[in-house]
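Please read all numbers here as calculations on a predicted model, not as lab measurements.
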Amino acid sequence: MIKVTLKNDVKEFESGVSVAEIAKSIGAGLYKSACAAKVDGAVCDLRTVLDKDCEVEILTFDDENGKKAFWHTTSHILAQAVKRLYPNAKFSIGPAIDNGFYYDFDVEKPFSPDDIAAIEKEMKAIVKSGIELEKFELAPDEAVKLLEDMDEPYKVELCKEHADKGEPISFYKQAEFTDLCAGPHLMSVAPVKAVKLTNCTGAYWRGDAKNKMLCRVYGISFPKASQLEEHLTMLEEAKKRDHRKLGKELELFTMLEEGPGFPFFLPKGMIVKNELINYWRQIHTAAGYQEIQTPIMLSRHLWETSGHWYHYKENMDTTVIDDEDFAIKPMNCPGGILVYKTKMRSYKELPLRMGELGIVHRHELSGALHGLMRVRNFTQDDAHIFMTREQIKDEVKGVVQLIDKVYKQFGFEYHIELSTKPEDSMGSEEDWEIATEALRQSVTELGYDYKVNEGDGAFYGPKLDFHLTDCIGRTWQCGTIQLDFQLPERFELEYVGADGEKHRPIMIHRVVFGSIERFIGILIENFAGAFPTWLAPVQVKLLPIADRHLDYITEIKNALEAKGIRCELDDRSEKIGYKIREAQLKKIPYMVIAGDKDIENNTISIRSRKDGDIGSMSLDEFVAKITEEISTKAMN
C-alpha cells in the first residue's frame, strides 16, 4: 500500500494505482472534469502510475496546467482532422499556448477560410466519437524508425534530438492518428465540447527564416459552449480596443519598417509616457528610492561576470568597439551594481534603493513582435535594492505594497505567482531555499494568496510575478520582484557592518510597470483609448460655435493652459455638431463650447466624454473641477 496526500487528506491505495483511478475514487464529477495532475509538484498525465508515497493534486480546466493539457489535446484533434482531410500533410509541432493552441503543418498551399471551416467540422466529428487517447513509449531507435515509416520528417528531426539522451520516447495515439508527444493529455477527446479555429498564418520551422514556411493554425477550446461564446465576445471587444489601431487613430505612436520592433512615440504619446514617468518618480521618491542612470552599452566582461553572456546571450544585441566585445544592455541590473560599487557602503546606508528608467534592448524574432506589447527596445522602470539578510522580508513587503498601490490606482485587479528555481540556475540549493522561503513568507504575512510556478524563476533567483487583469478579463504579467543572492556574490559586493567587518549584501530586482511601453499598450486597450483626465494627451477641446466666438474661447484656452491644463482649440469653420463628434472620436475628456449666450453671461458650456452635456459654469468652477480630477488622478 502507498499513502497519497490529497489536499492534506491522506488516503491509502494499492501500489500501481493511476492518478485517473484516484480521481475516480474521489468522485465521478472530479474524474469527469480532471485534465491532468501534479504529483509531488510535477505536472503529469492522469495515466501516471504511482508506486510510492506522494502528494497528488488533480487539475481541472480551472487550473492553468489543466487548461494546457486540455488545449494540447485539442491540438492533436486538429492534427488528426488535418490528416484525415489532407493525407499528404506533414506535421511539426502543436503546443498549448497562453490562450489556446496551434499546430504547424507543411502543406502544398496555405489553408483557405473554407479549408479551416472543413477542418473545424471534422474536429467536431472526432470529439463526438469520444476516442480515447493511449500513451506508449519506444526505445529511441524504434521511435525514429516509426516516424520514418510514417514519413514525418519534422518529427524525425525532433525525435533524433531526444534520442541522444537514450531515454524512452513517448507517443500518444487516438484511433488512426499517432503523434510524438511528452503530454500530458486528457483521457479522451470527449471533454472538448466547444472548439473554434481562430486564425491561420505562416510560420517558419523553428522560427528561422532560413527554414521552410509552414502553415500555422490557431484555435481555442472549452468544456462548455457558453465558455466559448464568452471568449469569442471578449475577442471581438479586444479587436475594438487593439492598441495598434487606437495608437494610430489617437496619434500616440507608430511602428515603421526602418525600425521593426522599435516604437516611435509621437507628441501625444510622449505626454502619456511622461505622465506615467512623473507618477513613477513621485511614488518612488516618497518610498525612499534614489534615481540613477547607467549606460546603454557595456563591455562583454561585465556581462560575463553577471552571467548574462552565458545564460541570455541569444537575446542580446552585441557589437565590437576597439576590438572589444560590447553588449547593448538587455537589463539594467549590472549597471546598478556598478553604481553600488562606486564606494564602500556602510550598514547605515542599507537598505539602499536605487531606481532607473533604463532603456533596454532584447532580440525578439520578427514573428513575435506585436505593437507595444512585444518590442525590441523599451523603458524598464527598474529598481535595485541592496540590503542585509535581516531586511529582506520588510523590503519585499514594501515592494509588494508599492505595486499594489500602483495597480489599484489604475483600477486593476491582479494575482501573484511565485516562480521557483529553474534548471538553468546559479548558486547553491541553500541560497535558493532561503530566498524562496523569504518571498513566500512575505506575501503570506501580508495576507496575499499566490500560485506556485515551478521552475520559472530567473537564473539568479526566485521571483514574485504580478499578473494584472484588464476590464475585459485578459491577464498581463507586469510587475516582478526577484530576490538575488548570486549577483552580489559574483560582483563581490560588500558593506561594512556594525561589527566593523565586511559583509555581503542581498539584492532585490523589481519593476512595477515592467515595460512602460507595454504598460501604455495595456492602458490603451483597458481604457479603449479613453484615458483618465490626468493621463489624456488633450484634456480639454475648445470649440467656438462661430468665428465671432474665437477671441473669447482663445482667452479661455490661455487661462486653462496657465493652470497647466492641456488644451487644443478647434478653430475650423465647421458646424459645431461635426466638431463635437470628432472630439468624441478622439476620446477627449472635456469639451468647452462657447457661443453668444456664454459670452453674454461670462460662462462656458461643458460637455463631458462620460456624461455628455453637463451645463454652463464659470471658468473658475470648471478649473476647480478639472484640476481636482487631475491632482487626485481620478479614474473617470
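Side chain of D381 to backbone of G514: a donor-acceptor contact under 3.5 angstrom is found. At distances below 3.5 Å, not a single donor-acceptor pair connects side-chain atoms of N453 with backbone N or O atoms of D456. No donor-acceptor pair under 3.5 Å is formed between the side chain of T285 and the backbone N or O of Q282. Looking at T480, its side chain never comes within 3.5 Å of a backbone N or O of R510 through a donor-acceptor pair. Of the possible donor and acceptor atoms, one in the side chain of R504 sits under 3.5 Å from a partner among the backbone N and O of L493. Q539 contributes a side-chain N or O that, together with a main-chain N or O of R566, makes up a donor-acceptor pair within less than 3.5 Å. Between the side chain of R353 and the backbone N or O of A287 there is at least one donor-acceptor pair closer than 3.5 Å. Y450 places no side-chain N or O within 3.5 Å of a backbone atom of T444 that could act as its donor or acceptor partner. In this structure, the side chain of N526 engages the main chain of C471 through a donor-acceptor pair within 3.5 Å. Of the possible donor and acceptor atoms, one in the side chain of R609 sits under 3.5 Å from a partner among the backbone N and O of K587.
Heavy-atom neighbours of E314 CD from other residues, nucleotides or ligands within 6.0 Å: above the threshold of 12. Heavy-atom neighbours of Q293 CD from other residues, nucleotides or ligands within 6.0 Å: at or below the threshold of 12. With a 6.0 Å radius and a threshold of 12 heavy atoms from other residues, nucleotides or ligands, D613 has its CG atom above the threshold. Around atom CD of E291, more than 12 heavy atoms belonging to other residues, nucleotides or ligands sit under 6.0 Å away. Enclosure of atom NE2 in H301 is not indicated, since only 12 or fewer non-hydrogen atoms of other residues, nucleotides or ligands lie within 6.0 angstrom. In N558, the CG atom is crowded: over 12 heavy atoms of neighbouring residues, nucleotides or ligands sit closer than 6.0 Å.
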- Message: Show, in sequence, the C-alpha distance, side-chain angles and deciding distance for K393 and Q441, and conclude whether the side chain to side chain donor-acceptor pair (under 3.5 Å) test is met.
- Response: CA-CA 8 Å; K393 282 206 298 184; Q441 289 180 11; 3.3 Å; yes

- Message: Using side chain to side chain donor-acceptor pair (under 3.5 Å), reason through H467 and Q477 one step at a time and then give a plain yes or no.
- Response: CA-CA 4 Å; H467 298 255; Q477 194 273 305; 5.4 Å; no

- Message: Could you go through E525 and R474, starting from their C-alpha distance and side-chain angles, then the distance that decides it, and tell me whether this counts as salt bridge (charged side-chain N to carboxylate O under 4.0 Å, His left out)?
- Response: CA-CA 10 Å; E525 298 197 357; R474 297 170 301 179; 2.7 Å; yes

- Message: Please evaluate residues H509 and Y460 with respect to the criterion ring pair (Phe, Tyr, Trp, His ring centres under 6.0 Å), reporting the C-alpha separation (whole Å), side-chain torsions for both, the decisive distance (0.1 Å), and the verdict.
- Response: CA-CA 10 Å; H509 310 248; Y460 46 76; 4.6 Å; yes

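Comment: E621 does not engage K625 in a salt bridge, judged by the lack of any side-chain N to carboxylate O separation of less than 4.0 angstrom. Taking a cutoff of 4.0 Å between a charged side-chain nitrogen and a carboxylate oxygen, K421 and E454 do not qualify as a salt bridge. Residues E437 and R440 are paired through a salt bridge, judged by an N-O separation under 4.0 Å between the basic side chain and the carboxylate. A salt bridge is absent between E304 and R490; no separation between the charged side-chain nitrogens and carboxylate oxygens falls under 4.0 Å. One finds a salt bridge joining E568 and K268 here, because a Lys/Arg side-chain nitrogen approaches an Asp/Glu carboxylate oxygen to under 4.0 Å. With respect to the salt-bridge test (charged N to carboxylate O, under 4.0 angstrom), the residues D63 and K67 do not qualify. Ionic pairing of E64 and K68 is present here: one or more N-O contacts between side-chain nitrogen and carboxylate oxygen are shorter than 4.0 angstrom. For D242 and K240, the salt-bridge test fails: no basic side-chain N is under 4.0 Å from an acidic carboxylate O. The pair E582-K586 fails the salt-bridge criterion, with no side-chain N (NZ, NE, NH1 or NH2) lying under 4.0 Å from an Asp/Glu carboxylate O.
Side-chain atoms of I588 and V540, non-hydrogen and from C-beta on, never get closer than 4.5 Å to each other. At least one side-chain heavy atom of K273 sits under 4.5 Å from a side-chain heavy atom of T379. Looking at heavy atoms from C-beta onward, L59 lies in side-chain contact with K38 at the 4.5 angstrom threshold. Between T554 and L569 there is a side-chain heavy-atom pair separated by less than 4.5 Å. Counting heavy atoms from C-beta outward, M617 and I606 have side chains that approach closer than 4.5 Å. T233 is not listed as a side-chain neighbour of E230, based on a closest heavy-atom distance of 4.5 Å or more. Looking only at side-chain heavy atoms (C-beta outward), I403 and V406 stay at 4.5 Å or farther from each other.
The side chain to side chain donor-acceptor pair (under 3.5 Å) test with H370 singles out one residue from E364, R518, R244, and that residue is R244.
For the pair K541 and Y590, the NZ or CZ position fails the cation-pi test of under 6.0 Å to the six-membered ring centre and within 45 degrees of the ring normal.
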Counting only pairs under 3.5 Å, give me each side-chain donor-acceptor contact of residues 329-341, with atom names and distances, residues two or more places apart or in other chains.
residue	atom	partner	partner atom	Å
K329	NZ	T294	O	3.3
K329	NZ	T294	OG1	3.0
K329	NZ	N332	OD1	2.8
K329	NZ	E356	OE2	3.1
N332	ND2	D382	OD2	3.0
Y340	OH	E494	O	2.9
K341	NZ	F491	O	2.9

Solution key, residues 248-262 side-chain donor-acceptor pairs under 3.5 Å, sequence neighbours excluded:
residue	atom	partner	partner atom	Å
E249	OE2	K245	NZ	3.2

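The aromatic rings of Y414 and F466 lie tilted to each other, with the angle between the two planes from 30° to 60°. Note: F386 and H384 have tilted aromatic rings, judged against thresholds of 30 and 60 degrees for the angle between ring planes.
Aromatic pair F412/W476: centroids not less than 6.0 angstrom apart. In this structure, F410 has its ring center closer than 6.0 angstrom to the ring center of F519.
Looking at E413 and T469, their side chains never bring a donor and an acceptor atom within 3.5 Å of each other.
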